[in-house]
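Read through the structure below, which is laid out as structure tokens, and then see the notes.
As the structure lists them, so they are numbered: ligands from 1, and atoms in each ligand from 1. All values below come from the heavy atoms of this structure, side chains included, with hydrogens, waters and symmetry mates left out.
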Amino acid sequence: MKILLLTGSPHKKGTTAALASAFDRGAAEAGHQLTRFDTAFMKIAPCLGCDHCRKNGGRCVHGDGMEEILPALLEADLVVLVTPLYYFGMSAQLKAVIDRFYAVNAALRQSPKKALLLAASGDDEPGVMEALVLHYQAVLSYLHWEDCGMLLARGMSTPEDLADAPYLLQAEEMGRRPLGER
Ligand SMILES: Cc1cc2nc3c(=O)[nH]c(=O)nc-3n(C[C@H](O)[C@H](O)[C@H](O)COP(=O)(O)O)c2cc1C
């Protein structure tokens, strides 16, 4: 299975980077073909809404990192979105990438994919990820993608917090069996 993993944290060694790496390990062990983009370390401009892409066969005015991401996105069977919780939503870095899906919107909506969400938050209240989850579900519903699971690592302010939690093992297992046959 072709898996595209998009991380959205500016912390190279942060909480969600650790979850993504655990997922990578599981996916590699199971022989999945995984492509990972750490989008916070790429040059990715926010969408200008200029519709240049719509009039030019999907070509954006920004010649930036999305030129690498979009072909991998179109080919992927499964897309893994990885983000820290920022003010109850995904990080701006990951949101900028998703906004730029606009350039290939029609093709994406006609190409059935599966998706996973890996997220971490500092707070541990049960509802802290609610808005993020609703947003994720709305995006999937619009794109006709199928949710295959979410790993919501609450109460994880730093990667050190993961040491006493089950999330790294869970992320690894998700990588091994991404379609939910866990
Ligand atoms: C700008 C910013 C906004 C945040 N907003 C929230 C939030 O709304 N709720 C929460 O529980 N944690 C929030 N956090 C904490 C992070 O989600 C948490 O520290 C997470 O582990 C960071 O993951 P990372 O190291 O992968 O970036 C925020 C952190 C930052 C820097």
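Taken from OG1 in Thr15 to CE in Met156, the straight-line distance is 8.5 Å, to the nearest 0.5 Å. In this structure, CG on Leu6 lies 13.0 Å from CD on Gln93, to the nearest 0.5 angstrom. Rounding to the nearest 0.5 angstrom, the gap separating the OG1 atom in Thr35 from the CD1 atom in Ile3 is 9.5 Å. Phe23 contributes atom CZ, which lies 5.5 Å from atom CG of Leu116 (distance to the nearest 0.5 angstrom).
An N or O contact shorter than 3.5 Å is missing between Gly14 and ligand 1 by distance.
Only the backbone of Met156 comes within contact range of ligand 1, with a heavy atom under 4.0 Å; no side-chain atom does. Only the side chain of Val128 comes within contact range of ligand 1, with a heavy atom under 4.0 Å; no backbone atom does.
When hydrogens are left out, the protein atom nearest atom 12 (N) of ligand 1 is Gly122 N, 3.2 Å; that is the closest non-hydrogen contact. Nearest to atom 19 (O) of ligand 1 among the protein's heavy atoms is Ser157 O, 2.8 Å. Among protein heavy atoms, the minimum distance from atom 2 (C) of ligand 1 is reached at Tyr86 CD1, 3.5 Å. Given atom 11 (O) of ligand 1, the protein heavy atom at minimum distance is Asp123 N, 2.8 Å. In this structure, atom 26 (O) of ligand 1 lies nearest to the protein heavy atom Thr16 OG1, 2.5 Å.
Numbered from 1 in the order shown, with element, the atoms of ligand 1 that lie under 4.0 Å from a heavy atom of Tyr87 read 3 (C), 4 (C), 5 (N), 6 (C), 7 (C), 8 (O). Distances below 4.0 Å separate heavy atoms of Ala120 from the following atoms of ligand 1: 17 (O). With ligand atoms numbered from 1 in the order given, ligand 1 contributes 24 (P), 26 (O), 27 (O) to contacts under 4.0 Å with heavy atoms of Ser9.
With respect to the salt-bridge test (charged N to carboxylate O, under 4.0 angstrom), the residues Asp64 and Lys43 do not qualify.
Judged purely by atom type and a 3.5 angstrom limit, Arg176 has no side-chain atom pairing as donor or acceptor with the backbone of Gly26.
Counting non-hydrogen atoms of other residues, nucleotides and ligands closer than 6.0 Å to CD of Glu67 gives a total above 12.
Checking Ala20, Ala40, Pro10, Pro84 against atom 23 (O) of ligand 1, the nearest heavy atom belongs to Pro84. If you check each of Leu85, Leu162, Val82 against atom 6 (C) of ligand 1, the one with the closest non-hydrogen atom is Leu85.
Cation-pi geometry between Arg54 and Tyr102 is satisfied (NZ or CZ under 6.0 Å from the ring centre, within 45° of the ring normal).
Side-chain atoms of Phe101 and Leu143, non-hydrogen and from C-beta on, do get closer than 4.5 Å to each other.
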